[in-house]
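Nothing here was measured: the structure is a model prediction, and the numbers come from that model. Order of appearance sets the numbers: ligands from 1, and atoms from 1 within every ligand.
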Amino acid sequence: MTTLTYQERFKTLQGVFDEFTNRTLFELQSRDYFDELVSPLLIGKESNVFLASKGKGIVIVKIYRIQNCDFNRMFEYIKKDPRYEFLQKHRRQIILAWTQREYKNLIRAQKAKIHVPEAITFMNHVLVEEMIGDTEPAPMLKDTKPKDPKNFFALILEDMKKLYDEGLIHGDLSPFNILNYKENYTKDNI
Ligand SMILES: Nc1ncnc2c1ncn2[C@@H]1O[C@H](COP(=O)(O)OP(=O)(O)OP(=O)(O)O)[C@@H](O)[C@H]1O
Ligand SMILES: [Mg+2]
């Protein structure tokens, strides 16, 4: 196995991002929300999740993918057509609204004392949040069964009630979206 330097790793990571993403990441770095992207954690359903260093700690950088590759290819063609100039703007508005929604929901959930990662900031289609875990991200519930499932379930129910009282419902509560952090739990998204 070869060990890559940070510069090499970031070059590799950076190479896969489009310019808009690179600019957004650079801006967040300059504003000190994180130091460096360290490694990809997971390709989620709607986002790519990265670990980033921040001082001595780690934060999560979640980059939303609004479109799949096919759409991307179509978009590459269509954006050169002056009749479709509006699409670029529109696409970004959708991305922004999507990311902002997740950010705001996390803040709301946190205020209601629900177990969610702390939302740190968002910009365009990139969300920065607290990493659930100590030195590494906590495992998903699907991979780490709780020692006391009854209690674990009770904790989830309790939070779902709080969420409902807050006027929100979790649209995708699954063992993929619940992390088992030291036999307590946290939901990684709402
Ligand atoms: N704050 C966090 N701390 C630790 N691990 C995280 C955190 N956020 C995300 N992860 C890990 O990355 C995975 C993907 O993240 P997430 O579920 O937020 O994205 P997604 O699946 O693309 O979106 P969604 O579930 O909203 O459709 C999670 O299942 C979890 O394992
Ligand atoms: Mg998920």
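Counting heavy atoms closer than 4.0 Å to ligand 1, residue Ser47 contributes atoms from both its backbone and its side chain. Counting heavy atoms under 4.0 Å from ligand 1, residue Lys62 touches it through the side chain alone. Under 4.0 angstrom from ligand 1, the non-hydrogen atoms of Val49 all belong to its side chain.
Of the candidates Glu136, His170, Glu129, the one placing a heavy atom closest to atom 1 (N) of ligand 1 is Glu129.
Distance CD1/Ile114 to NZ/Lys161: 13.0 Å, rounded to 0.5 Å. Taking CD from Gln29 and CG from Asn22, the interatomic distance works out to 9.5 Å, rounded to the nearest 0.5 Å. Rounded to the nearest 0.5 angstrom, Thr121 OG1 and Leu28 CG are separated by 6.5 Å.
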*Show your reasoning for whether side chain to side chain contact (heavy atoms under 4.5 Å, CB included) applies to Tyr64 and Asn48.*
CA-CA 6 Å; Tyr64 284 93; Asn48 297 346; over 6 Å; no

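Aromatic pair Phe34/Phe50: centroids not less than 6.0 angstrom apart.
Short contacts between ligand 1 and Pro117, defined as distances under 4.0 Å to a heavy atom of the residue, involve ligand atoms 1 (N). Shown in contact with Ile132 at under 4.0 Å from a heavy atom are these atoms of ligand 1, numbered in order with element: 1 (N), 2 (C), 3 (N), 4 (C). Against a heavy-atom cut-off of under 4.0 Å, Leu179 is close to the following atoms of ligand 1: 4 (C), 5 (N), 30 (C), 31 (O).
In this pair, His125 and Phe20 present their aromatic rings parallel. The plane angle is below 30°, not in the 30 to 60° band.
Considering backbone and side-chain N/O of Glu102, none are found under 3.5 Å from N/O of ligand 1.
The shortest distance between side-chain heavy atoms of Ile63 and Leu25 falls below 4.5 Å.
In summary, an N, O or S atom of Asn177 is located under 2.8 Å from the Mg ion (ligand 2).
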